[in-house]
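Report on the structure given below.
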Amino acid sequence: MNIWAYIIRRLLYVIPVLLGVCLIIFVLFNLVSPDPTLIMLGKHASVSQMEDLRRELGLDRPWFLQYLDVVKSAFTFDFGRSWSTKQEIIEMIKAGAIPSLTLSIPAFVISTFLSISISLFVAFFRGTILDRTIVFLCVTMMSISSLAYILFGQWFFAFKLGLFEISGYEFGFPYFIPYVILPVLIWVMLGIGPDVRFYRTIILDEIYQDYVRTARAKGLSENKIMFKHVLKNAMIPIITYVIIQIPFLILGALLLETFFSIPGLGGIVLSAINSSDFPVVKAMTILISVAYIIFSVLTDVMYTLVDPRVRLK
Amino acid sequence: MKKIKIFQTLIIGLLLATVVSCTKKTASNESVLNLAVSSKVKGMDPIYSNDRYSSNEVARVYEGLLEYHYLKRPYTLKPNLADGMPTVSADGLTYTFQIKKGVMFHDDAAFTNGKGRELVAEDFVYSIKRLADPKLQGLGYWLLDGKIIGLDEWRAKYAELPKADYTDEVAGLKATGKYTLQFKLKKSFPQFLYSLAMPFTFAVAKEVVEKYGEEFLNHPVGTGPFLLPRFEQSNKITYTKNKAFREKKYPCDGSPELKAQGYMADCGKILPLTDKIVVNIIVESQPRWLNFQKGKVEYISVPKDNFEAAIPDAKNLDPKFVEKGVRLSVTPSLDVTYTAYNHDKKLFNNVKLRQAMSLAYNVEESNKLFYNNTAMPAQSVVPPGIAGHIPNYKNPYRGSGTPANIEAAKKLLAEAGYPNGEGLPEISYDCPSSTTSRQTGEFFKKQMAQIGIKINVITNPWPELQKKITNRNVDLYGIAWGADYPDAENFLQLLYGPNRSPGANGSGYNNPEFNKLFASSATMQDSPERTALYEKMYRIAAEEMPWIYGVHRQSYTVVNGWLKNYMSTDFEAGQGSYLRIDLDQKKKLLEKF
């Protein structure tokens with residue numbers, strides 16, 4: 001089947017998925033979420049002011065008209081303004097995405113590269129004391145709360161040793177660099193434990209396959225077996241795991257962003273949820289859903305590239 | 001192997017070089033006030049400044065008719081953009097202000113030739129109509145709701161129409177001359193003047209609002225001491241000094257105790273006293289604390305987790321901070337924490353039950369556990385520092401965990417009809433979902449168990465708790481109230497029957513005697529008679545125990561030695577222009593950091 005036809009067909013799935021996403025967030029917001037007017041007006045809310053505000057926000061209109069608005073914004077990407085900050089949402093997202101990405105992309109690239117390398121290394125020495133030690137270390141690292149890494153890292157490396165900025169962010173290259181080094185390092189530390197264990201399992205699954213025995217019987221070197229054969233065959237689950245994380249990179253890392261005062265999207269989403277700021281929550285959910293679909297299509301396409309046996313249907 | 005080492009060294013060296021070279025530097029002779037705030041700022045439109053963070057930022061750029069005297073306690077209003085205090089008609093209903101002449105708006109492209117024009121009385125008429133504009137839904141309309149003749153009607157009229165017409169006159173809000181502004185009130189409301197010191201009513205220019213439309217909130221153009229060309233929601237806001245600011249001087253009069261503390265050293269100096277203000281938004285307490293310890297911010301409120309390290313005996317700063325020139329500023333906050341009963345539930349109409357629960361609650365212990373013993377146990381609803389609070393009054397139903405208290409509580413509970421809690425259903429206690437609130441809930445549960453009352457602690461996200469309170473879907477809930485203005489009315493209204501939820505009286509307490517006293521005091525000017533009424537209500541609120549009172553908190557702020565004129569206050573708006581950085585001292589002290 002033509003790859004383009006496949007891509008177009010998959011992308012058309014965006015339509016029903018988005019309709020469903022709109023319905024879910026609309027229902028959740030209207031049934032579960034507290035009255036936004038109460039939160040916006042705060043401690044001085046009165047019945048008449050709440051009614052006025054509901055009218056201005058359009059919350060007194062029939063529900064299907066409100067749902068249509070959600071659908072409309074999902075397809076036009078015109079999300080309007082935040083109820084809480086009155087800022088234009090698309091501008092808020094643009095402004096928040098840059099700091100989030102300057103933190104998440106380097107962290108993601110470094111941690112993926114490091115984790116795959118370490119897992120190949122431990123798989124190579126599988127069953128030895130080295131393998132066990134590294135797995136033990138990974139489990140230990142996973143067992144420590146992420147908050148502990150952040151609190152300790154900030155206190156020790158930034159405050160005690162003065163190697164990095166304690167918190168803050170400057171827009172523009174290269175000014176942001178000093179502010180993101182420490183959070184990136186912490187992110188990498190946080191990711192290595194689970195990632196190494198995951199990749200190691202995948203690689204070990206491959207190592208015991210028949211074709212590896214055949215390769216060994218042919219007299220190929222261990223290096224060649226690992227890098228040429230095992231890694232290539234392990235790529236499918238790895239690609240799935242890696243690519244599907246990409247859409248979420250835009251959200252940054254909430255805890256890291258708040259502790260290091262990085263004005264990213266994580267913080268924007270959190271404060272929107274806390275203030276029942278429906279338009280912002282809606283915009284972010286829709287954008288992430290669209291990105292998720294696009295990247296899952298990309299994953300499928302990548303499969304065909306790394307493994308010619310895979311055919312798109 | 002050697003190659004790898006060289007490579008490693010190179011990478012580390014490069015990283016460090018980047019860190020050092022990329023940090024933006026500021027000129028060392030520039031007087032920069034570095035502040036740290038713990039919450040995001042929404043925008044710079046005065047009508048939406050309903051939290052202290054937004055209102056503090058708005059007040060750096062915008063100004064109002066009145067302001068609090070910087071050096072007078074109790075808090076006293078003084079003219080700011082008004083040229084003198086208003087003349088008030090004999091019936092207390094008409095307030096006439098003269099506006100200062102020659103006050104200029106900041107330069108902006110919205111004005112002819114980009115030059116800021118002079119402020120006139122009509123600007124206040126426009127700004128206050130904006131607050132009332134139903135299309136804009138300003139968050140401070142509660143201030144004026146039901147107060148100014150014709151304003152509610154104006155608001156109601158345009159709620160139904162697509163757009164509000166600002167040329168449509170409001171009888172009670174008029175510019176009677178270029179510099180004369182007149183307010184006519186529906187009924188006497190002595191707290192009205194406080195509204196004019198709140199950022200909600202600060203002056204904006206019509207041209208700027210019209211030019212930027214919905215983006216106005218990102219283009220602050222006021223008459224204030226600092227300039228911010230464009231607001232961006234970020235982690236940092238940088239203001240520069242308004243060089244064209246009118247001649248406003250640091251006060252030479254004030255309360256004797258502040259004079260004795262050296263707050264008048266800058267008497268007569270032209271404001272603002274700094275070239276720049278950098279507001280850093282640092283939500284978490286650890287980075288705020290670490291930045292303070294590095295001398296990167298001038299002052300912060302001591303985070304709870306660092307309290308013992310900073311103030312080991314709960315009174316004095318640790319010597320290691322004193323050596324660095326850090327000082328401690330302790331100020332009572334105008335607030336009260338409390339556990340409210342839902343008075344809609346018949347169960348809580350039983351005064352003896354309420355008194356018993358209050359007696360069983362050990363407020364001293366809760367002060368130790370949750371406030372490092374720094375707060376003051378509340379005896380009733382009004383905090384100290386404002387008229388209406390009765391100093392040294394001891395609430396007979398306040399418990400401190402003594403066996404006598406518990407015995408008395410048990411006795412009251414039996415009199416209420418529930419000996420040892422028998423016959424009482426399990427009572428739910430709703431609180432916000434923060435760790436401290438949950439701990440407070442568990443503590444409350446333990447206290448009530450002493451007299452046989454079963455409590456079920458329910459934690460809620462903040463919006464959910466608000467919803468439950470409004471829908472009367474709670475038994476008990478833990479909450480706090482901070483003053484909007486320094487008048488006991490602002491606290492007493494929390495127990496005024498007609499203010500029931502979704503108004504400020506979330507507990508739904510409704511006592512005809514209290515309501516009558518409140519209604520009488522509401523129209524009285526500040527006077528011994530009004531204070532007497534306030535005190536009567538204070539006593540009723542103490543004896544009736546409509547809530548279980550918690551504490552009045554105190555703010556503990558650590559201040560770096562080079563920052564001059566700082567004192568913590570409940571009304572920070574406008575404070576930035578009075579603060580000064582002693583650059584020489586900063587240089588010397590920073591060597592010790």
Side-chain angles (χ1 to χ4, degrees), chain A residues 33-36 38-50 52-53 55-57 81-82 84-88 91-92 95-96 99 150-151 154-155 158-159 162-171 174-179 181 258-263 267-268 271 273-276, chain B residues 15-16 18-24 39-43 45 48 50-51 134-137 139-143 145 155 159 214-215 217-218 232-236 280-284 286-288 290-291 293-294 296 461-468 470 481-482 484 499 501-504 506:
Chain A
S33 170
D35 189 340
L38 188 65
I39 293 139
M40 288 166 73
L41 291 168
K43 63 180 192 176
H44 293 287
S46 72
V47 177
S48 68
Q49 282 186 41
M50 285 167 69
D52 287 352
L53 188 53
R55 187 177 50 236
E56 289 310 317
L57 298 177
R81 283 180 182 265
S82 150
S84 155
T85 66
K86 317 278 176 202
Q87 301 285 351
E88 206 168 335
E91 292 301 320
M92 284 168 78
I150 297 174
L151 290 173
Q154 192 170 48
W155 174 79
F159 179 68
L163 289 176
F164 309 103
E165 293 289 336
I166 295 169
S167 68
Y169 190 84
E170 289 284 350
F171 281 85
Y175 303 112
F176 71 83
I177 295 176
Y179 297 93
I181 296 179
T258 42
F259 270 87
F260 289 95
S261 300
I262 295 170
I268 292 177
S271 51
I273 291 170
N274 279 337
S275 53
S276 280
Chain B
L15 272 178
L16 288 176
T18 327
V19 173
V20 177
S21 62
C22 291
T23 313
K24 278 189 179 172
S39 176
K40 282 197 168 178
V41 176
K42 291 185 282 189
D45 189 335
Y48 300 121
N50 67 332
D51 58 71
K135 300 293 152 196
L136 299 178
Q137 286 298 325
L139 299 174
Y141 189 66
W142 59 270
L143 260 181
D145 197 3
R155 180 179 164 90
E214 285 196 295
E215 277 298 300
L217 80 165
N218 295 326
E232 270 158 11
Q233 264 209 330
S234 182
N235 60 329
K236 195 156 94 173
N280 300 284
I281 293 141
I282 312 177
V283 177
E284 290 296 332
Q286 167 163 304
R288 262 203 319 279
L290 298 180
N291 274 307
Q293 285 184 283
K294 281 269 179 196
K296 290 188 172 179
W462 175 242
E464 186 59 29
L465 178 63
Q466 268 193 316
K467 182 184 173 187
K468 275 182 157 178
T470 317
W481 180 268
D484 295 301
N499 274 356
S501 190

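Chain A is the first sequence line, chain B the second, and so forth, proteins listed ahead of strands; every chain is numbered from 1. As the structure is a computational prediction, the values presented were derived from the model and not from experiment.
Heavy atoms of I262(A) lying under 4.5 Å from chain B are absent altogether. Looking at R288(B), neither its backbone nor its side chain comes within 4.5 Å of chain A, counting heavy atoms on both sides. With a 4.5 angstrom heavy-atom cutoff, Y48(B) touches chain A only via side-chain atoms. With a 4.5 angstrom heavy-atom cutoff, E232(B) does not touch chain A via any of its atoms.
When each of L151(A), L57(A), I150(A), T258(A) is scored by its heavy-atom pairs under 4.5 Å with chain B, the top score falls to L151(A). Listed options D45(B), N291(B), N50(B), I282(B) were ranked by heavy-atom pairs under 4.5 angstrom with chain A; first place goes to N291(B). Ranked by heavy-atom pairs under 4.5 Å with chain A, the list S234(B), A504(B), G506(B), S39(B) is led by S234(B). Counting heavy-atom pairs under 4.5 Å between each of V283(B), N218(B), N280(B) and chain A puts N218(B) at the top. No other option in T470(B), D484(B), D51(B) has as many heavy-atom pairs under 4.5 Å with chain A as D484(B).
For the pair K236(B) and Y169(A), the NZ or CZ position fails the cation-pi test of under 6.0 Å to the six-membered ring centre and within 45 degrees of the ring normal.
Across every non-hydrogen atom of Q87(A) and G43(B), the tightest pair is NE2-CA, 4.2 Å. In terms of heavy-atom proximity, I281(B) sits nearest to S261(A) at O-OG, 3.3 Å.
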List the steps, then state whether salt bridge (Lys or Arg N to Asp or Glu O under 4.0 Å) holds for R81(A) with E215(B). CA-CA 10 Å; R81(A) 283 180 182 265; E215(B) 277 298 300; 3.0 Å; yes
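Distance check, rounded to the nearest 0.5 Å: CD of E165(A) to CG of L290(B) gives 12.5 Å. Rounding to the nearest 0.5 Å gives a distance of 7.5 Å between CD of Q137(B) and NZ of K86(A). With rounding to the nearest 0.5 angstrom, the CD atom of E91(A) is 11.5 Å from the CD atom of Q233(B). Note that the CE atom of M40(A) and the CG atom of L139(B) stand 6.5 Å from one another [nearest 0.5 Å].
Shown here are the side-chain contact (heavy atoms from CB on, under 4.5 Å) partners of S84(A), two or more places apart in sequence or in another chain: S82(A), S275(A), D277(A), K42(B). The salt bridge (Lys or Arg N to Asp or Glu O under 4.0 Å) test applied to K135(B) returns E56(A), not counting sequence neighbours.
Put simply, the side chain of Q286(B) never gets that close to the backbone of F259(A): no donor and acceptor are under 3.5 Å apart.
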